[in-house]
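Structure first, then comments.
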Amino acid sequence: MYPLCARWRRGRDTHAKQSEKVHPRSGLHPTHVVFVLVAVSNLVGAGQAPCRVTDHGAKGDSHSIDTAAINRVLANASCQEVIFPTGHTFVTGTIVLQSHKVLSIERGASIEAAAKGHDYFLPPEPNPWDAYQDFGHSHWANSLFYGHGVVNVTVQGGGAINGAGQLSTGTSETGDACKMWGIVSSADITLTNLTLESGGWFTLLATNVSGLRLEKLNVQAQRDGFDIVGCRDVVVNEVVIEGGGDDAVVFKSDFSVGTVLHSKNLTVTNCVLGCGCNGLNFGSETVGNISSVLCENVTVTKAGKAGIGIVSMDGAHISNVTYRNISMTDTYTPLFFFIGNRLRRPDNATTTPGSISNIYIDGVNVAHAADRAKGNVSATIDGLPGTNPYPIGPDISVNNVKMVVPGGGTTADGNRVPPHDSSKFPPRYLGVRPAFGWFVRTAFGVTFCNVSVRLDHEDGRSPFLFDSSTDITLENVCASRGTDTQWDVVLRNGSTVRVTQPGVGCPPLRVPTVSY
């Protein structure tokens, strides 16, 4: 193992100090908040006998509609723990969550969504702010489980919840649902030890929630896994998400509740994520700032866009984010950072694009990135260009990152200038990148330390290309060489780079003395 680069060490130590800040509501360190939530949840119903829904009118016979009976027992003040007993399948429309409740779905029990087209689900609530995000993000009531303004709710037990193909994956008709969980403006919500399948558009849409704990969940998504929007103090731990045509875990901030919400103290640990879009993502809805985020010990098995993605499209400042010990395979692009200028928000006085800074990446292993037929898209850091640019940086630290990429690019690909459409964020819009390893444009203060890029097949491009980027450091870097290339590092439009010793056993990087 190489020693830490000097700049990386400084950045890591700064982030560690920031992570030691106490939790604003409890006065505890953020890692202690999880245990507070567990303790509070376990106290719900203390000294009271639990209520079995089958003792309160629910049939659980896999065909009777149990919506009314379930909601009746949840609304019963004497039923603080509500049990769905093993051996039963409860078919239901919208279940309305109540504060200070534990829902225990026992192993061998299941809750299934009722059929579409029969008005079993609550209609979407009116939202005067729905012009600033899509239909799915603007409503929560049209869900299998709905919570608005609820506090201290735990759903647990080892059982299963299944949308059964009845939850829409797009805009739902009135009386139908398009998400499994819709939770808004709530606090201290825990989902643990459950199997969630066929969740519609969103398995979980959580907006403006303080204290959200998602743990030991096995998710078979249809579209989105977890959309966590404008939330604080979030723990996602020991979660497996597979399938789904959209993002697995994504942090966002929109204007759906009529105010700018900032997100902070977010952790994703010990997870396995596979999806059709982004594995770990920020955006695209990015109205409020997002900070103090840790993603650690995560395996991305598939990502149709980025394994790790950060896009700021609506003015959000995204900062103080750490990725540690991440492995990924079959990704369209391993990493994609992008600043756009969509600014989809009503406070028109805010016309300034956002920023991405203080990002610390330590220990990422990329094996078998997506093949040439899928676009052969390199890791990308792309700020907003122009006469008044908004670069990504400073303090972007890429440390201990190993990538094996497919290769197959041509010399002509190496001459490309990818477009930057400030209103379009998907990685595919940039096309094939002019470098097979890292394409960095409109950025400053980026450090690569102990980084390697290896090719599966020959490639006519260089491993690194920096465009309109300054204060770039390459230390202990190894890279395959492109065929018939003059340089391993290409510099465009005034880019500057500082190169120290090469990686152990690697030839020195070929770097031009001036940009072109």
Side-chain angles (χ1 to χ4, degrees), residues 93-97 113 121-127 129-130 132-150 153 155 161-163 166-172 176-191 194 196-214 217 219-236 239 241 243-259 261 263 266 268 273 275-278 280-288 290 344:
T94 300
I95 295 174
V96 180
L97 299 173
F121 299 91
L122 291 179
E125 64 274 51
N127 189 340
W129 310 106
D130 60 6
Y132 301 105
Q133 55 282 316
D134 62 30
F135 174 88
H137 291 85
S138 298
H139 308 282
W140 303 267
N142 53 336
S143 302
L144 180 56
F145 290 83
Y146 168 54
H148 182 188
V150 295
V153 177
V155 186
I161 303 170
N162 195 333
Q166 301 303 318
L167 305 179
S168 300
T169 55
T171 300
S172 57
D176 293 339
C178 66
K179 51 188 73 75
M180 181 174 285
W181 299 89
I183 303 175
V184 59
S185 300
S186 298
D188 298 338
I189 307 297
T190 298
L191 308 182
L194 298 166
L196 311 177
E197 185 175 351
S198 192
W201 188 339
F202 304 91
T203 303
L204 168 72
L205 174 64
T207 304
N208 190 26
V209 176
S210 295
L212 175 65
R213 177 172 170 250
L214 309 170
L217 301 175
V219 179
Q220 294 289 328
Q222 279 184 282
R223 187 169 167 181
D224 282 69
F226 299 158
D227 279 43
I228 300 169
V229 184
C231 294
R232 285 79 53 200
D233 310 317
V234 175
V235 173
V236 181
V239 168
I241 299 177
D246 216 308
D247 299 335
V249 176
V250 56
F251 297 114
K252 302 178 178 181
S253 179
D254 59 25
F255 207 78
S256 59
V257 297
T259 189
L261 297 171
S263 306
L266 315 172
V268 181
L273 308 175
C275 63
C277 284
N278 301 289
L280 290 164
N281 195 46
F282 292 74
S284 72
E285 290 81 4
T286 42
V287 174
I290 307 175
R344 191 168 63 182

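The analysis underlying the following values was restricted to heavy atoms, covering all of them including side chains, and did not include hydrogens, waters or symmetry mates.
- Formation of a donor-acceptor pair under 3.5 Å by the D224 side chain with backbone atoms of D246 is not found in this model.
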Starting from the C-alpha separation in whole Å, work towards a yes-or-no answer on side chain to side chain contact (heavy atoms under 4.5 Å, CB included) for V287 and Y132. CA-CA 10 Å; V287 174; Y132 301 105; over 6 Å; no
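- Legend: residues meeting side chain to side chain donor-acceptor pair (under 3.5 Å) with S185, ordered by chain and number and at least two apart, are N208.
- With contacts defined as side-chain heavy-atom distances shorter than 4.5 Å, the pair W140/V257 qualifies.
- Judged purely by atom type and a 3.5 angstrom limit, S186 uses its side chain to pair as donor or acceptor with the backbone of V150.
- The closest donor-acceptor contact from the side chain of S253 to the backbone of G230 lies at 3.5 Å or more, if one exists at all.
- Between P124 and F135, some side-chain heavy-atom pair lies under the 4.5 Å cut-off.
- Residues Y146 and E125 meet the side-chain proximity criterion, which asks for heavy atoms closer than 4.5 Å.
- Checked by atom type, the side-chain pair N127/S138 shows no donor-acceptor distance below 3.5 Å.
- Taking the side chain as every heavy atom from C-beta outward, L122 and V96 approach each other to under 4.5 Å.
- Inter-residue side-chain proximity for K179 and L167 is flagged as unmet; no heavy-atom pair is nearer than 4.5 Å.
- Residues I290 and L266 form a side-chain contact, since some pair of their non-hydrogen atoms from C-beta on lies under 4.5 Å apart.
- No donor-acceptor pair under 3.5 Å is formed between the side chain of S143 and the backbone N or O of A141.
- Remark: R344 pairs with E285 by the salt bridge (charged side-chain N to carboxylate O under 4.0 Å, His left out) rule, at least two apart or across chains.
- When L261, V229, L205, N281 are each tested for a side chain to side chain contact (heavy atoms under 4.5 Å, CB included) with K252, only one passes: V229.
- The aromatic rings of W201 and H137 sit perpendicular, their planes meeting at an angle over 60°, well past the 30° parallel limit.
- No donor-acceptor pair under 3.5 Å is formed between the side chain of S210 and the backbone N or O of D188.
- Using a 4.5 Å heavy-atom cutoff, the side chains of I183 and F145 are not in contact.
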